[in-house]
Amino acid sequence: MPVHGPVNGAADVVATARAVLFDLDGVLVDSSPVIDRVWREWAGRHGLAWEAVEPVLPGRRAVETVAVLAPQLDAEAEGRELERVQTADLAGISACAGAVALTEELTRAGVPWAIVTSGSRATATTRLRATGLRVPEVLVTADDVAVGKPDPEGYRAAALRLGVAAGDCVVVEDADAGVRAARAAGARVVGIEGPGLGPSAGSVDLTVPSPAGLLGLIGPAARDRLPR
């Protein structure tokens with residue numbers, strides 16, 4: 001899969017990383033059928049136009065999305081119910097191209113990696129297991145932070161738990177809110193191509209069509225190939 005950006009610069013960005021922090025939905029797991037189904041139903045129930053709801057969804061916790069879109073509602077209660085429904089709905093989800101191979105490659109190479117997701121722990125672990133992805137030792141979810149993306153709390157917490165400075169991490173993201181969170185944490189960023197990157201599309205260090213584009217670019221072997 002092609003990497004977009006100067007080849008040497010792209011290699012430097014990912015090969016020199018000491019750890020990799022992944023977003024989950026849209027990066028490792030394609031959960032778009034569920035997200036679309038659940039949020040369309042919620043929007044219809046509350047009389048909200050889908051065109052107003054859809055752009056707000058990428059990268060944000062359910063509770064914060066509700067607070068933005070429908071401040072008159074009990075955001076905590078609505079967010080819990082939305083997560084419950086999404087955890088139970090696995091129809092149509094799948095691993096993103098190269099996601100299993102990439103995370104297994106990192107594990108074999110001894111490169112620390114973690115997931116930082118705006119979904120709940122129950123939703124994240126259910127989706128990981130359903131798609132054949134391992135549940136990493138460090139999994140930071142909506143349940144673990146006081147403020148979600150674009151706040152950097154989640155990415156800073158993941159780096160701390162891995163014992164690596166955030167500036168030595170590369171974050172893989174598909175959403176504007178996530179890119180802004182990663183940048184605020186001081187990390188380098190690989191963007192997954194797509195409309196979710198929004199205004200952040202031009203600010204990532206490189207973009208790839210899917211995790212498959214990073215196979216072989218991260219880890220000790222990749223660092224050994226860099227010009228000296």
Side-chain angles (χ1 to χ4, degrees), residues 1-6 9-32 35 39 53-65 67-68 96-99 102-103 106 112-119 124 136 138-142 144-160 162 164-214 217-218:
M1 303 288 282
V3 171
H4 297 264
D12 287 344
V13 165
V14 296
T16 58
R18 293 185 55 211
V20 185
L21 310 179
F22 294 101
D23 177 40
L24 179 61
D25 297 294
V27 172
L28 297 178
V29 173
D30 179 3
S31 52
S32 53
I35 293 170
W39 281 96
V53 172
E54 187 178 22
V56 181
L57 298 178
R60 289 184 173 86
R61 297 192 303 172
V63 61
E64 287 154 348
T65 302
V68 168
C96 294
L102 178 59
T103 52
L106 295 176
W113 64 276
I115 293 173
V116 180
T117 176
S118 296
V138 176
L139 172 62
V140 179
T141 74
D144 303 312
V145 297
V147 186
K149 303 171 186 177
D151 190 274
E153 180 184 353
Y155 281 121
R156 286 175 175 162
L160 182 65
L162 289 176
V164 177
D168 290 328
C169 296
V170 63
V171 168
V172 186
E173 265 286 356
D174 74 318
D176 175 68
V179 172
R180 288 191 284 142
R183 285 296 192 206
R188 290 164 279 179
V189 185
V190 172
I192 300 294
E193 291 176 352
L197 288 178
S200 292
S203 68
V204 299
D205 293 288
L206 67 145
T207 58
V208 293
S210 71
L214 294 173
L217 293 181
I218 307 175

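Both backbone and side-chain heavy atoms feed into the values below; hydrogens, waters and symmetry mates do not. Values in this document were obtained by computation on a predicted structure and should not be read as measured data.
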Nearest heavy-atom neighbours spanning [X] and [Y]:
| X | Y | value |
| --- | --- | --- |
| P152 | A181 | CB-O, 3.4 Å |
| S118 | G59 | OG-O, 2.5 Å |
| V164 | C169 | CG1-SG, 3.9 Å |
| A99 | L28 | CB-O, 3.4 Å |
| P58 | A177 | O-CB, 4.0 Å |

Counting N and O atoms only, with roles assigned by atom type, does the side chain of [X] sit under 3.5 Å from a partner on the main chain of [Y], one being a donor and the other an acceptor?
| X | Y | result |
| --- | --- | --- |
| T207 | E193 | no |
| E64 | G148 | yes |
| K149 | V116 | yes |

Rounded distance [0.5 Å steps], [atom1] in [X] versus [atom2] in [Y]:
| X | Y | atom1 | atom2 | value |
| --- | --- | --- | --- | --- |
| D30 | S210 | CG | OG | 11.0 Å |
| L24 | L139 | CG | CG | 8.0 Å |
| L162 | W113 | CG | CH2 | 10.5 Å |
| D174 | C96 | CG | SG | 8.0 Å |
| R156 | L21 | CZ | CG | 13.0 Å |

Partners passing salt bridge (Lys or Arg N to Asp or Glu O under 4.0 Å) against [X] (at least two apart in sequence or in another chain):
| X | answer |
| --- | --- |
| D25 | R127 |
| R183 | D205 |
| R180 | D176 |
| E153 | none |

Heavy-atom distance under 4.5 Å between the side chains of V14 and L206, does that happen here?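 Yes, side chains in contact.
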Sorted by chain and residue number, the side chain to side chain contact (heavy atoms under 4.5 Å, CB included) partners of V63 (sequence neighbours excluded) come out as R61, A75, E76
Do any side-chain atoms of residues 185-192 form donor-acceptor pairs under 3.5 angstrom with protein atoms, and if so which ones, sequence neighbours left out?
{"unit_1": "R188", "atom_1": "NH1", "unit_2": "V13", "atom_2": "O", "d": "3.2"}
{"unit_1": "R188", "atom_1": "NH1", "unit_2": "T16", "atom_2": "OG1", "d": "2.7"}

Under the side chain to side chain contact (heavy atoms under 4.5 Å, CB included) rule, what do Y155 and D23 come out as? Steps first, then yes or no, please. CA-CA 10 Å; Y155 281 121; D23 177 40; 3.9 Å; yes
